[in-house]
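Read through the structure below, which is laid out as structure tokens, and then see the notes.
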Amino acid sequence: QEPKMKKAFNGKNFKGWTVPENNIWYTAADGILSIKSGPDKKGSIIWTEKQYENFIIEADFKMGEGIVDSGFFLRTENEQIQIGISGSLKRDMTGSPYIPGKGYPVEATNVKNLLKLSDWNTMKIKADKKTYTVWLNGEQVLEFESESAIEKGPIGIQLHVGKVMAIDYRNITVGEI
């Protein structure tokens, strides 16, 4: 059963999010969260103020300029669902989990056929205990059990360090399971 989804991003400002000090990377306007690397290519993460246990997050994203390397952190910086090009593998790993020390333990399926590189895409991630399920544009592309998943934490959106890139997000909603 689907949970009641609530707006996690209001499209106007960062209410409900923790934004890095001296923020030059994230802007909120006209319903869009825009992320763009700064001149020194420092990485950054924007986090929900709220902590979540079991949840679904859904968002639209659109790749921008450069080599996009972003994604959603699930409860911690050590559990991520990738969007864009993997820095280590040098290829698109959208929808796949990245776990430090383990790399990409499994790869999402059929992403090449589903991902629209110059248009809006919809990603839905279900984090239920240690199991992550990912849908891209309505099709399930991954189910993975992470042994290292933690019980509770915020949700983050990443701007990878060392990249010249931009990505936009909109319609970010979260529902608690």
Side-chain angles (χ1 to χ4, degrees), residues 5-90 92-104 120-127 132 134 146 148-177:
M5 302 298 284
K6 296 179 182 172
K7 277 187 179 182
F9 172 65
N10 67 20
K12 298 179 283 197
N13 56 43
F14 297 108
K15 185 178 181 186
W17 294 83
T18 302
V19 181
E21 224 174 275
N22 304 319
N23 173 37
I24 61 168
W25 308 282
Y26 301 91
T27 58
D30 301 322
I32 309 241
L33 168 63
S34 293
I35 303 173
K36 187 172 183 174
S37 52
D40 55 5
K41 298 189 273 186
K42 284 189 177 177
S44 181
I45 305 167
I46 182 174
W47 292 98
T48 59
E49 289 175 355
K50 185 174 177 156
Q51 306 250 332
Y52 294 91
E53 287 183 40
N54 301 316
F55 61 91
I56 291 175
I57 182 164
E58 188 167 2
D60 298 333
F61 67 92
K62 185 177 184 181
M63 307 283 197
E65 64 187 40
I67 298 173
V68 174
D69 190 343
S70 185
F72 290 98
F73 285 116
L74 309 177
R75 307 182 193 114
T76 171
E77 206 170 325
N78 294 323
E79 302 275 319
Q80 178 193 19
I81 299 298
Q82 174 78 23
I83 294 177
I85 306 297
S86 157
S88 57
L89 298 179
K90 310 288 187 239
D92 197 307
M93 293 298 288
T94 297
S96 300
Y98 177 78
I99 299 171
K102 296 180 182 174
Y104 294 90
W120 288 100
N121 295 275
T122 301
M123 180 174 278
K124 178 177 165 183
I125 303 166
K126 181 179 180 182
Y132 302 142
V134 179
S146 174
S148 56
I150 65 171
E151 190 174 305
K152 188 175 186 176
I155 300 169
I157 301 176
Q158 178 196 40
L159 166 64
H160 202 286
V161 66
K163 304 288 182 196
V164 174
M165 62 154 279
I167 186 170
D168 290 336
Y169 290 90
R170 68 180 185 189
N171 301 323
I172 304 169
T173 58
V174 178
E176 295 185 78
I177 300 172

Tell me the ring-ring contact (aromatic ring centres under 6.0 Å, His included) pairs involving residues 16-54, sequence neighbours left out? W47-F73, Y52-F55

Take M123 and V134, measure what side-chain contact (heavy atoms from CB on, under 4.5 Å) needs, and give me the verdict at the end. CA-CA 7 Å; M123 180 174 278; V134 179; 4.1 Å; yes

Roughly how far apart are [X] [atom1] and [Y] [atom2], rounded to 0.5 Å?
X	Y	atom1	atom2	result
K163	S37	NZ	OG	10.5 Å
I57	L74	CD1	CG	8.0 Å
T76	I99	OG1	CD1	10.5 Å

Residues two or more places apart in sequence or in another chain: which of them pass salt bridge (charged side-chain N to carboxylate O under 4.0 Å, His left out) with K124? E2

Applying salt bridge (charged side-chain N to carboxylate O under 4.0 Å, His left out), can you list everything that pairs with K41, at least two apart in sequence or on another chain?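 Applying salt bridge (charged side-chain N to carboxylate O under 4.0 Å, His left out) to K41 gives none.
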
With sequence neighbours excluded, what pairs up with [X] under the side-chain hydrogen bond (donor to acceptor under 3.5 Å, both in side chains) test?
X	result
N23	none
T48	none
T94	D92

Audit row: I45, L159, side-chain contact (heavy atoms from CB on, under 4.5 Å) steps and yes/no: CA-CA 6 Å; I45 305 167; L159 166 64; over 6 Å; no

Residues forming a ring pair (Phe, Tyr, Trp, His ring centres under 6.0 Å) with F72, sequence neighbours excluded: Y169

Take L33 and D168 through the side-chain contact (heavy atoms from CB on, under 4.5 Å) test and state the conclusion after the steps. CA-CA 6 Å; L33 168 63; D168 290 336; over 6 Å; no

Test of understanding: with side-chain contact (heavy atoms from CB on, under 4.5 Å), list the residues that count as partners of P100, not counting sequence neighbours. N78, Y98

Within a radius of less than 6.0 Å around CD of E49, do more than 12 heavy atoms belonging to other residues, nucleotides or ligands occur?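 For E49, atom CD is crowded (more than 12 foreign heavy atoms under 6.0 Å).
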
Output, in order, the C-alpha distance, side-chain angles, deciding distance and verdict of side-chain contact (heavy atoms from CB on, under 4.5 Å) for T27 and I32. CA-CA 8 Å; T27 58; I32 309 241; over 6 Å; no

Is any side-chain heavy atom of I177 closer than 4.5 Å to a side-chain heavy atom of I56?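 Yes. Closest side-chain heavy atoms under 4.5 Å.
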
Checking the side chain of T173 only, and the main-chain atoms of M5 only, is there a donor and an acceptor separated by less than 3.5 Å?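 Checking the backbone N and O of M5 against the side chain of T173, no donor-acceptor pair under 3.5 Å is found.
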
Tell me which donor-acceptor pairs under 3.5 Å the side chains of residues 80-87 have, and how far apart each pair is, sequence neighbours excluded?
residue	atom	partner	partner atom	Å
Q80	NE2	S70	O	3.2
Q80	NE2	Q158	OE1	2.6
Q82	OE1	Y104	OH	3.1
Q82	NE2	D69	OD1	3.0
Q82	NE2	G84	O	3.4
Q82	NE2	I85	O	3.4
S86	OG	S88	N	3.3
S86	OG	S88	OG	3.1
S86	OG	L89	N	2.9
S86	OG	Y104	OH	3.4

May I have all residue pairs that pass salt bridge (Lys or Arg N to Asp or Glu O under 4.0 Å) and include part of [range], sequence neighbours excluded?
range	result
residues 72-89	none
residues 5-31	none
residues 52-65	K36-E65, D60-R170

